[in-house]
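Just below is one structure, and these are the notes that go with it.
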Amino acid sequence: MIHLQGQVVVITGAGRGIGRSHALAFATRGARVVVNDLGVSYDGARETLSPADSVVEEIRRAGGEAIADYNDISNWDGAQALLDGALRAFNRVDTLVNNAAIIRPAPLTDTTARDLDDVVRVNVKGTFAPLQVFAAHWKTEGTRSPGGHSRSVICTTSRVGFRPAPYYVVYGLTKSAVAYLVEGAAAELAGLGIRVNGIAPRADTRMMGDATRRLNEIAGSVGIAGVFGDSSATERPAEPVESISPLVLWLASAASRAVTGAIFSVMAGRIALLDGRHERSVFTLPVTHTPEDVDHALSGLEAP
Ligand SMILES: NC(=O)c1ccc[n+]([C@@H]2O[C@H](COP(=O)([O-])OP(=O)(O)OC[C@H]3O[C@@H](n4cnc5c(N)ncnc54)[C@H](O)[C@@H]3O)[C@@H](O)[C@H]2O)c1
């Protein structure tokens, strides 16, 4: 069994999509969850409400423990406030899942300074700042976690960060930076007992649907319509968000204690360990699977 009972997990951008799925999955295993979400559209425009409350309500209704957090994690003070809130509520933190991001597909020639600043701020600073703030806190506690759990950070990158695509250049470069951060931070923080790993997911979410629609509008306007496919097409196999979370739960657990500095691509039961731009080992699981299935498939895996 993968044990997460009592673990305290902080997940950024957990109000929707992949982050929401992580939050529900951790709570089902008895972890206590901080559901962070600022409440923005896929391209970063502020919305009136944060979806964090409804995820917390869902977890509590099912008998789990969770609190909502509305901080903007791309702001250093916001990242610190996220940690402070988690410590006030639960006295300690064991796992940080850096999941929040935004995307603004656009031709390079139309990209504005504001687009570049916003996407870099949320995706790069919004990953770096929580990682820095949480790692600095863990350093003050020494190498052993008070709860005896494994200290783990899971960051979210994207295939586009490894395989550049038109109109995704700004998003891709931020995700490439996240991959660099995973590997650099893992090497540096190992001595503090902190593991840092990455996932490059693909799943049916608002971001995926809205970004693909926007890409197709751009492609249509330059006469190459259809190249990006239609994320809502019925013949496309489903890529449920729930198929991403078991790997993340495994990475947060002691079962993956030997794994740090690794980046996995993951979608619909297909998990691959990335080695630079290439897939080194590929594991095929059913679309619906558990963290124990991941453990069984990946046991003995050595991180790059
Ligand atoms: N869906 C995919 O196929 C796919 C592919 C590759 C990578 N990813 C990555 O997976 C992660 C989750 O994506 P998703 O598809 O679930 O997206 P989503 O847009 O459905 O959810 C992202 C959430 O993050 C929140 N958020 C954005 N900026 C924030 C900020 N500054 N502070 C706090 N919260 C903030 C949003 O309000 C939103 O609820 C992202 O890092 C994304 O880049 C997704």
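A salt bridge between E279 and R159 is absent, with no side-chain N of the basic residue lying under 4.0 Å from a carboxylate O of the acidic one. Comment: E58 engages R20 in a salt bridge, judged by a side-chain N to carboxylate O separation of less than 4.0 angstrom. Salt bridge absent: E188 and R195 never bring a charged side-chain N and a carboxylate O closer than 4.0 Å. A salt bridge links E217 to R214: at least one charged side-chain nitrogen sits closer than 4.0 Å to a carboxylate oxygen.
Using bins of under 30°, 30° to 60° and over 60° for the plane-to-plane angle, the ring pair W76/F128 lands in the tilted bin. Aromatic ring orientation, Y171 versus Y168: tilted (interplanar angle from 30° to 60°).
Summarising the geometry, atom CG belonging to L301 is positioned 10.0 Å from atom OG belonging to S256; distances are rounded to the nearest 0.5 Å. Within the model, atoms OG of S152 and CG of N197 stand 6.0 Å from one another, a figure rounded to the nearest 0.5 Å. Distance OH/Y167 to OG1/T111: 11.0 Å, rounded to 0.5 Å. We find the CG-OG distance between L4 and S253 to be 6.0 Å, quoted to the nearest 0.5 Å. Once rounded to the nearest 0.5 Å, the distance linking CD1 of I199 with OG1 of T157 reads 9.5 Å. Expressed to the nearest 0.5 Å, how far CZ of R280 lies from CD1 of I263 amounts to 12.0 Å.
Using a 4.5 Å heavy-atom cutoff, the side chains of S245 and W250 are not in contact. Using a 4.5 Å heavy-atom threshold, the side chains of V241 and D204 count as separate. Two residues are said to be in side-chain contact when any heavy atoms from C-beta on lie closer than 4.5 Å; I102 and V40 meet this criterion. Taking the side chain as every heavy atom from C-beta outward, I59 and L24 approach each other to under 4.5 Å. When side chains are defined from C-beta on, L298 counts as touching F264, because their heavy atoms get closer than 4.5 Å. At a threshold of 4.5 Å between non-hydrogen side-chain atoms, the residues T12 and L82 count as touching. By the 4.5 Å heavy-atom criterion applied to side chains, I103 and M207 are counted as neighbours. Inter-residue side-chain proximity for P201 and T156 is flagged as met; some heavy-atom pair is nearer than 4.5 Å.
A donor-acceptor pair under 3.5 Å is absent between the side-chain atoms of D275 and the main chain of H278, judged by distance alone. A donor-acceptor pair under 3.5 Å links the side-chain atoms of R32 to the main chain of G6, judged by distance alone. Remark: the backbone N or O of T290 is paired with a side-chain donor or acceptor of D293 at under 3.5 angstrom. In this structure, D37 contributes its side chain and G15 its backbone to a donor-acceptor pair below 3.5 Å. Side chain of S243 to backbone of A268: a donor-acceptor contact under 3.5 angstrom is found. Without hydrogens or angle criteria, N36 side chain to G13 main chain gives a donor-acceptor distance under 3.5 Å. R29 contributes no side-chain N or O that, together with a main-chain N or O of Q5, makes up a donor-acceptor pair within less than 3.5 Å. Side-chain N or O atoms of N71 include none that pairs as donor or acceptor with a backbone N or O of I73 at under 3.5 Å. A distance-only check finds no donor-acceptor pair linking the side chain of N123 to the backbone of T174 [under 3.5 Å].
R121 and S74 share a side-chain donor-acceptor pair at under 3.5 Å. Residues R202 and S158 bring no donor and acceptor atom of their side chains to less than 3.5 Å of each other. Between the side chains of T95 and Q7, at least one donor N or O lies within less than 3.5 Å of an accepting N or O. Checked by atom type, the side-chain pair Y70/D53 shows a donor-acceptor distance below 3.5 Å.
Of the candidates D115, D110, D43, D115 is the only one forming a salt bridge (charged side-chain N to carboxylate O under 4.0 Å, His left out) with R104. With L181 as the partner, the side-chain contact (heavy atoms from CB on, under 4.5 Å) test is satisfied by one option alone out of V153, V196, L131: L131.
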Task: Residues D84, R88; criterion salt bridge (charged side-chain N to carboxylate O under 4.0 Å, His left out); working and verdict - done: CA-CA 6 Å; D84 294 344; R88 259 196 315 278; 5.5 Å; no
- [ ] Go through R151 and E141 one step at a time and tell me if the salt bridge (charged side-chain N to carboxylate O under 4.0 Å, His left out) criterion holds.
- [x] CA-CA 11 Å; R151 282 176 183 141; E141 291 183 330; 3.0 Å; yes
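Heavy atoms from other residues, nucleotides or ligands lying under 6.0 Å from CZ of R206 number more than 12.
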